[in-house]
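Predicted model only: the values in this text are computed from it and were never measured. Keep in mind that the numbers below use all heavy atoms, side chains included, and drop hydrogens, waters and symmetry copies. The first residue in the sequence is number 1, and the count goes up from there.
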Amino acid sequence: MTLLMIGTTELLLVAGLALLLFGGKKLPEMMKGMGQGVKSFKEGLNSPTEEPQKEEINTDENQPEQTAETQETTHEQ
């Protein structure tokens, strides 16, 4: 007995429940949306990826950079 084998009876039961829950008008819209989602997912997998951009470190332009000489004077005070 395999757990992943779905027969015709099970498929009809699931389709019938979906029809009862969502109605005849909403079900085709949902399937269309799901199909578009799968399509865009596959396109995303097949498209070449861009290299991730490195985050730039934002430096505050108002503060002067500390050199070794200025660091020594600040530690002495």
Side-chain angles (χ1 to χ4, degrees):
M1 182 174 141
T2 59
L3 297 175
L4 298 177
M5 296 297 294
I6 298 175
T8 309
T9 307
E10 289 87 4
L11 286 175
L12 289 174
L13 183 64
V14 170
L17 285 173
L19 186 62
L20 285 174
L21 289 174
F22 300 111
K25 292 183 179 180
K26 188 71 174 175
L27 199 57
E29 294 174 13
M30 288 176 36
M31 293 299 120
K32 181 180 178 183
M34 201 159 66
Q36 289 174 348
V38 169
K39 182 180 176 183
S40 66
F41 178 74
K42 286 181 180 181
E43 287 176 357
L45 287 177
N46 293 333
S47 68
T49 59
E50 297 178 7
E51 293 191 23
Q53 297 177 355
K54 295 181 181 178
E55 293 184 21
E56 295 181 18
I57 300 174
N58 293 333
T59 58
D60 191 9
E61 295 176 4
N62 296 334
Q63 294 179 347
E65 293 184 20
Q66 289 187 349
T67 60
E69 188 176 279
T70 58
Q71 286 178 353
E72 289 175 6
T73 58
T74 57
H75 289 295
E76 291 175 1
Q77 294 176 351

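With rounding to the nearest 0.5 angstrom, the CZ atom of F22 is 12.5 Å from the CD atom of E29. Residue L45 holds its CG atom at 10.5 Å from CD of E43, rounded to the nearest 0.5 Å. Between the CG atom of L13 and the CG atom of L17 there is a distance of 5.0 Å, given to the nearest 0.5 Å.
Other residues sharing a hydrophobic cluster with V14 under the 4.5 Å side-chain heavy-atom criterion for ILVMFWY residues do not exist; the residue is a singleton.
Under the 4.5 Å side-chain contact rule for hydrophobic residues, L21 and M31 share a cluster. One hydrophobic cluster, built from ILVMFWY side chains closer than 4.5 Å, cannot hold both I6 and L19; they sit in different ones.
Here the closest non-hydrogen pair linking L27 and A18 is CD1-CB, 4.1 Å.
Side-chain N or O atoms of E10 include one that pairs as donor or acceptor with a backbone N or O of G7 at under 3.5 Å.
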